Amino acid sequence: MKVRFLLCLMLISILTVANLSGAEPKGLFLFDFDEQGSVNNLGGAYGVFDANPEDKDSFCHVQIVKDTDLHKKGYYLKISYDVDSSQAVFNGLWTKLNGADLSPFRGISLNIRGDGEEGFNDFFKIEVKSKGVTIESVIEDITSKWQKIVIPFDEFEGPVNMIEWNNMYEMTLVFEDWKFRQKTGTYYIDDIMFIPKDGAQIDYKKYLNKDFNPLNRVVSFPKDKTKKIDLDQDNKKILKIIARDTWEYFKNIIDKNTGLIMDNITVGRNSVFSKARDYTNITNIGLQIISIVAACDLGFVKEEEAAKMIEKIMATIKALQTWEGLYYNYYTTRDGEISDPFISTVDNGWLASGLVVLRHSFKARFKEEASAILEKMNFKAVFDNELGQLHLGYHTDREELSEYHYGQIHSENRIASIIAMGKKDIPLTHWFKLYRTFPDEWDWQRQQPAGKKKKIMDVEFFGGYYTWAGERIVPSWGGSMFEALMPSIILNETLWARDSFGENDRKVVKLQIKYAEQMNYPYWGFSPCAVPDDMYGGYHEFGVPEIAAKGYETEGIVTPHAIILALNACDEKEVMDNLKKLIRDHPDIYGQYGLYDSFDMNRKKVTKKYLALDQGMILITLCNYLNDRSIQKRFEADEIFQNVKDVLNKEKFFE
């Protein structure tokens with residue numbers, strides 16, 4: 001076992017193929033899953049995708065599980081899919097090939113079986129891609145028994161002559177609703193391998209690149225140990241310690257190649273079980289920029305060092321591929337390659353927010369650069385003039401706007417609305433064309449709304465609200481703290497939207513506390529977060545369903561970022577009593593980089609993950625709370641906000 005700890009995961013797997021005996025390797029393993037690492041054996045990240053992420057009825061989840069059926073000693077991948085939807089959906093698994101030269105190989109082999117109890121379709125599509133070119137084949141005749149299936153490259157269809165076999169980009173497994181008879185099901189997959197051509201002389205060492213492993217590219221990785229924190233000291237001292245420890249994520253879990261923050265990490269007992277996800281979302285980048293400013297405000301980093309970090313990030317941002325000046329949803333941190341073809345409106349709103357804060361920081365050192373990027377970001381390209389709402393985004397692979405819109409005002413996407421209006425890409429009347437509640441005739445929502453018709457800026461709309469536990473509230477989609485309070489990390493809604501979101505934000509916190517009491521939960525704070533044991537592929541939505549249009553269940557999962565966010569809308573004592581009780585009862589919730597991402601109250605289990613998104617919300621909230629709203633004031637001083645501030649105070653939600 002000592003050898004396995006000394007060698008990187010990729011080297012182990014490929015040397016295992018060669019049997020360490022000088023024998024000719026049988027092929028190049030892409031995955032054998034026994035190392036349970038965060039990358040394949042070419043160093044490429046992997047994960048699930050959903051072509052219609054707004055469709056909550058479809059999903060794809062993956063989990064590495066221990067062998068129980070004597071197929072072989074070790075682990076394999078469990079893939080559960082659901083394409084049972086009224087919409088056209090498809091989803092699946094993607095993995096990066098990192099420019100691998102596959103020209104010496106004749107095809108792909110893998111071991112596979114379907115789950116006889118959960119069901120499965122007997123075929124699905126496999127794709128391989130070079131830059132801008134995709135070809136496909138079918139994995140078929142799948143049964144409930146393990147079998148080895150070979151898919152020759154010469155059986156793939158599409159523009160095969162355009163594929164750059166010496167510079168391969170990605171492989172995907174695709175589950176499609178319009179082809180599947182079995183709309184839900186589960187597969188087990190193992191030992192994915194590229195098979196060499198007959199007589200091919202392959203130098204397998206050239207496929208090994210230490211730089212591919214994200215654990216080798218971060219500045220520093222935390223150890224799996226509980227960090228003690230003195231909870232008897234002054235509350236603000238406790239919060240300052242949490243802020244400093246949270247900053248360590250943004251200081252250390254950055255890719256040394258690009259300066260970009262990695263999306264999430266799993267803290268394991270050793271290098272095999274520790275994982276770093278070397279892709280990032282553009283919301284992460286926006287919060288990364290703001291978090292560096294926050295750390296400088298709090299005295300955790302000197303201004304010159306912080307500015308150097310920003311310089312590297314900005315150089316990377318300027319080199320990223322865009323559409324209409326808008327950024328793709330995900331990029332790899334190693335080289336800034338696109339890893340998701342979707343242009344997300346809300347995520348561009350958060351990246352833009354980071355740039356807005358930046359141009360009021362570091363003595364306006366980055367104002368010109370940030371302004372140039374903001375100017376190019378064309379939110380008009382994702383605006384529906386007829387409906388007056390923003391599309392969820394644009395599918396570049398299908399060259400079409402999302403058929404869905406951000407129609408609900410109570411959501412984290414309201415920052416994208418503020419940015420788009422403030423840039424004058426869309427009209428101010430957009431604000432009143434968003435739903436407070438969905439129309440009364442939409443009887444699928446959790447309760448029929450009360451309220452009255454209103455007219456503001458010549459726009460007629462229904463000022464609806466729900467009522468629960470004696471409180472009137474404008475609902476979000478899921479009832480989570482994230483939807484309600486994420487915008488408040490850059491905008492003081494109790495000041496600028498006092499009678500609308502200022503009041504609503506306070507009620508969300510109050511009703512989250514009430515819900516925890518009714519459910520006999522010892523702690524409150526429900527929001528999307530990481531989960532133990534990858535039950536949902538690593539991340540899942542949680543909330544209070546009674547204050548939501550659709551509603552996320554809590555399932556006993558509490559997340560610290562939701563507790564910290566509540567500082568923006570409720571009394572310090574309520575927040576700190578809740579937070580300190582959680583830490584006292586379960587000290588292992590606190591690690592080297594601050595509060596781990598969630599705690600399962602039913603199973604009494606901590607999720608030892610850190611997410612850039614949630615760490616950013618924690619650090620920025622604490623900076624505002626401890627440092628006289630320094631981040632909020634920067635955003636509020638910008639002309640983008642000044643252009644919309646009067647609109648926010650025109651409405652009273654509950655008059």
Side-chain angles (χ1 to χ4, degrees), residues 1-14 16 29 31-47 62-66 74-77 95-96 98 208-227 245-257 260-280 284 332-334 529-539 560 587-600 605-615:
M1 289 299 293
K2 291 182 179 179
V3 173
R4 299 176 78 178
F5 284 102
L6 293 172
L7 297 175
C8 72
L9 302 181
M10 297 170 289
L11 181 59
I12 300 166
S13 297
I14 295 176
T16 301
F29 266 129
F31 282 111
D32 68 2
F33 301 109
D34 289 343
E35 300 302 332
Q36 306 174 72
S38 61
V39 295
N40 62 39
N41 292 327
L42 295 176
Y46 68 93
V62 296
Q63 182 181 3
I64 296 177
V65 296
K66 189 173 179 62
Y75 294 78
Y76 50 77
L77 189 71
T95 187
K96 299 302 178 186
N98 283 341
L208 304 179
N209 186 336
K210 186 178 180 181
D211 187 51
F212 280 151
N213 190 338
L215 290 175
N216 295 324
R217 299 200 310 275
V218 300
V219 174
S220 182
F221 199 85
K223 295 180 180 179
D224 180 17
K225 63 179 183 180
T226 298
K227 184 173 183 179
D245 290 340
T246 304
W247 161 243
E248 292 297 309
Y249 188 97
F250 293 93
K251 179 181 176 182
N252 294 310
I253 307 301
I254 56 175
D255 198 307
K256 289 183 283 189
N257 289 352
L260 296 182
I261 194 80
M262 293 188 183
D263 184 83
N264 69 83
I265 61 172
T266 300
V267 181
R269 63 180 181 268
N270 53 47
S271 61
V272 172
F273 293 94
S274 296
K275 302 176 184 179
R277 300 295 187 180
D278 58 345
Y279 54 84
T280 199
N284 294 343
T332 61
T333 61
R334 186 171 66 91
C529 60
V531 289
D533 300 332
D534 285 349
M535 293 183 301
Y536 301 96
Y539 188 81
D588 56 339
I589 192 70
Y590 203 89
Q592 193 174 338
Y593 290 176
L595 290 152
Y596 284 118
D597 205 55
S598 74
F599 177 72
D600 187 326
K605 188 167 186 178
V606 170
T607 305
K608 291 195 173 181
K609 287 187 176 183
Y610 291 114
L611 275 59
L613 172 66
D614 298 347
Q615 293 290 90

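In this text the structure is predicted, and so the values were computed from the model without any measurement.
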**OP:** Any chance you could lay out the salt bridge (Lys or Arg N to Asp or Glu O under 4.0 Å) test for Asp255 and Arg217, step after step, and finish with the verdict?
**Re:** CA-CA 5 Å; Asp255 198 307; Arg217 299 200 310 275; 2.8 Å; yes
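Heavy-atom minimum distance, Thr226 versus Pro587: CG2-O, 3.1 Å. Taking both residues in full, the closest heavy atoms of Ala530 and Ser598 are given as O-OG, 2.8 Å, listed atom of the first, atom of the second, then distance. Residues Gly44 and Thr95 share a closest heavy-atom pair of O-OG1, 4.0 Å. Considering every non-hydrogen atom in both Val218 and Leu215, the closest pair reads CG2-O, 3.6 Å. Of all non-hydrogen atoms in Thr280 and Leu260, the two that sit nearest each other are CG2-CD1, 4.1 Å. Smallest separation of non-hydrogen atoms from Ser274 and Gly268: OG-N, 3.1 Å.
When the ring-ring contact (aromatic ring centres under 6.0 Å, His included) test is applied to Phe31, the partners found at least two apart in sequence or on another chain are Phe33, Tyr46. Under the side-chain hydrogen bond (donor to acceptor under 3.5 Å, both in side chains) criterion, Lys225 pairs with no residue, sequence neighbours left out. Under the rule for a side-chain hydrogen bond (donor to acceptor under 3.5 Å, both in side chains), Lys251 has no partner lying at least two apart in sequence or in another chain. The salt bridge (Lys or Arg N to Asp or Glu O under 4.0 Å) check on Asp245 picks up Lys227, with sequence neighbours excluded. For Thr266, the side-chain contact (heavy atoms from CB on, under 4.5 Å) test picks out Lys275, Lys609, with sequence neighbours left out. Not counting sequence neighbours, Tyr610 has no partner by the side-chain hydrogen bond (donor to acceptor under 3.5 Å, both in side chains) test. Under the side-chain hydrogen bond (donor to acceptor under 3.5 Å, both in side chains) criterion, Gln592 pairs with no residue, sequence neighbours left out. Not counting sequence neighbours, Asp588 has no partner by the salt bridge (Lys or Arg N to Asp or Glu O under 4.0 Å) test.
You'll find the side chain of Val219 reaches within 4.5 Å of the side chain of Ile254, heavy atoms only. Side-chain contact between Glu248 and Pro222 is absent, with no heavy atoms from C-beta onward closer than 4.5 Å. In this structure, the side chains of Tyr539 and Asp263 stay at 4.5 Å or more apart for every pair of heavy atoms. Looking at Ile64 and Tyr76, their side chains never come closer than 4.5 Å, going by heavy atoms from C-beta outward. Side-chain contact between Asp278 and Thr332 is absent, with no heavy atoms from C-beta onward closer than 4.5 Å. Proximity of Val267 to Tyr596: side-chain heavy atoms (C-beta onward) are separated by under 4.5 Å at one or more points.
Remark: Ile253 CD1 to Met262 CE distance equals 7.5 Å, nearest 0.5 Å. Interatomic distance, CG of Asn284 versus OH of Tyr279, reported as 9.5 Å (0.5 Å rounding). Between atom CG of residue Asn40 and atom CZ of residue Phe29 there is a gap of 13.0 Å, rounded to the nearest 0.5 Å.
Asp614 places no side-chain N or O within 3.5 Å of a backbone atom of Asp597 that could act as its donor or acceptor partner. Under the 3.5 Å distance criterion, the side-chain polar atoms of Gln615 are matched with a main-chain donor or acceptor of Tyr593.
The environment of Lys256 atom NZ is dense: over 12 non-hydrogen atoms of other residues, nucleotides or ligands sit within 6.0 angstrom.
Between Arg269 and Asp224 there is no salt bridge, since no side-chain nitrogen of the basic residue lies less than 4.0 Å from a carboxylate oxygen of the acidic one.
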